[in-house]
Amino acid sequence: MKLLGMALMFVGVASFASAVSVPEIDPGSAGSAVALLSGALLVIRSSRKK
Amino acid sequence: MRDTEQKPGVSRDNGLQSTSSSNYHFIHIHHSSLGLTHRLILFVLLFAAEWIPITHFVHKGRGGGSFLYIAVAFSSLFMAIAYFRSKDSFQRISSQVKKTPIRWSFFAYHLVALAAFLGFSSIPTGSNPLSYAITALWYAAGVLAIVLAACAFVPAVLVLEFVRTTGYAWVYALVAAIVAWRVTIYASLGNGAVWNPAIDLSWKPATDLTFTLVKGLLHLFLTQVVADRATMTIGSPKFNVIVSPWCAGFEGTALMLVFSVAWVGYFRREFRFPHALLLIPAGMLVVWLSNALRITALILIGVAGAPNVAVGGFHSQAGWIAFNCVALGFAVVTRHMPWFASNRVAPDMFAPDVFASSVSSQPAQAPLSTHAVHNATAAYLTPFLAILAAAMISRAASGSFEWLYPLRFVAAAAVLWFFRSEYSKLDWHFGWYSVLAGFSVFGIWLGLDVMTGTHAPSAIGAGLASLPSPGRIAWIVFRTAAAVVTVPIAEELAFRGFLIRRLSSADFESLSPRYYTYVALLVSSVAFGLLHGERWLAGTAAGLIYAAAFLRRGRIGDAVVAHGITNALLAATVLTAGKWDLW
């Protein structure tokens, strides 16, 4: 559920990230960037169980 | 090719963990057993599947885009707030929802409303009363279509009960969504003027601060710095840029605010309060500073003679790279700072969640291997993450042509080699159907490519033409090797080997590789499709077919071979027909 909550938050944020084309955060790269962040967080959190 | 057939319903365990030879069975879930979360996911998927294809013509000039942004943000925020405010109600209503079948009659009504919505979309609008009426009907049909679809999945009475038990959560969510929309969207005031929040909300002091910081940093590297505060132009006489309000660090800072609040909130039992609240502004400050470094680096790259790289790849990638680095650093560093840590025992952050709780029966539980032995999540995910990270770096170092693409192959190969002993425990055999699946996806991919029309022109052809022959050959060899070898292995490990089971249980290793739920199957395939950008539909279909190949015997080899064959055929098409846009 925590993962789901995080995902919901980012869906909400991403809806605005894609609203305007701006220089700092490129909406076109949002998918792979969020996937990278989410996956890396999963790996970090799973290593915590050791 | 070798096909190791097995009896239906019995799977060998091919997980990275060594488990017993327990008999596993496919767990099919009846729709009436779907809980609230599952149904919400299905609703969102339906919404996306219907909205994305028609988005090109339904909201032009009618404000539908803003409506969509507010709706998505409101729904997301409402569910997040509601869950924390009324966790018990959420679970109670979810259990009630499980007893209610999906109501297909409402789904039919939804289709009728959607058809009306599309019909009104096709009518041109103007500035007369009739047009306003049509626009009103268009909005009404759209909202009705959404409501009817929601009622198909969750009975209205339960929705109302849920809203009632969550108090004013809907008000908070609505206010937050509208505020966020107003802050991010240019708004026409109706009198010809345009309200630009980036300017009108007076970001000037903060933008000035970024400007000053960049100017100071540039003086460390350049002897002659151009800095015109009136136009916010900064750089050197040779290469300079304009620091607009939007690139002054607000987006990254806002993302970090959301991330840090969510992180500290979700894992609050691990943190000591109020100490942990300091982490939020600290994270935002670091992101803001990283943006100044980004602008400085961009200018220096341009000054060094690579303006195409500066305004091309680096410009679009550096923001995400900086944000990801800071966010991951935030997650790692906060674990090792006792001053922020709670004295209580940290809970299992990824305890089995609602995905697991809503299946009708639990799979046979294999003996758990200890997590202390290895990190299976890392073994399954890291190759794919390495490709994503290498891609971001590679794009950031490129202009229109990604000359550093071989970095993706090298990064994935290195990680695969690092975890090779773990992968040796997987079943890499494959059967005839994986070959068939590979060819099928290739056909679907090309077919949808033709149906969906032209795609953005690729810069690969021109980029390769500018390279000397050895460089051109090396690039093609690495690109093909990545497409046929490292990408299929990395993506199949992540999406089929990991995600399908991980969406069902945090302890995914205890599940048979053949275990799945429909929701997990769908979500993993859609996620796979979305990563393919404008070819998301073909990507989703490919994900489903590779999943079918994988689940038939529970062998990762089947999915990898299917994926590899598709990519090999695509590579052959690219190289023989010059269809570079397929890469």
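Hydrogens, waters and symmetry mates are skipped; everything else that's a heavy atom, side chains included, is used. Numbers restart at 1 for each chain; the letters A, B, ... are given by sequence-line order, proteins then strands.
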Any non-hydrogen side-chain atom of [X] less than 4.5 Å from a side-chain atom of [Y]?
{"X": "B:Trp320", "Y": "A:Leu36", "value": "no"}
{"X": "A:Ser32", "Y": "B:Arg395", "value": "yes"}
{"X": "B:Gln317", "Y": "A:Ser29", "value": "yes"}

Please report the closest heavy-atom contact between A:Gly39 and B:Leu385, naming both atoms and the distance.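 Answer, listing the atom of A:Gly39 first, then B:Leu385: C-CD1, 3.5 Å.
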Which bit of B:Asn291 comes within less than 4.5 Å of chain A, counting heavy atoms only: side chain, backbone, both or neither?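 Only the side chain of B:Asn291 comes within 4.5 Å of chain A.
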Pick one of side chain, backbone, both or neither for B:Phe74, based on which atoms fall under 4.5 Å of a heavy atom in chain A.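 When you check distances to chain A, no heavy atom of B:Phe74 falls under 4.5 Å.
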Distance (rounded to the nearest 0.5 Å) between A:Ile44 CD1 and B:Thr377 OG1: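 Reported value, rounded in 0.5 Å steps: 12.0 Å.
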At what distance, to the nearest 0.5 angstrom, does CZ of B:Phe508 lie from OG of A:Ser46?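 Nearest 0.5 Å value for the CZ-OG distance: 8.0 Å.
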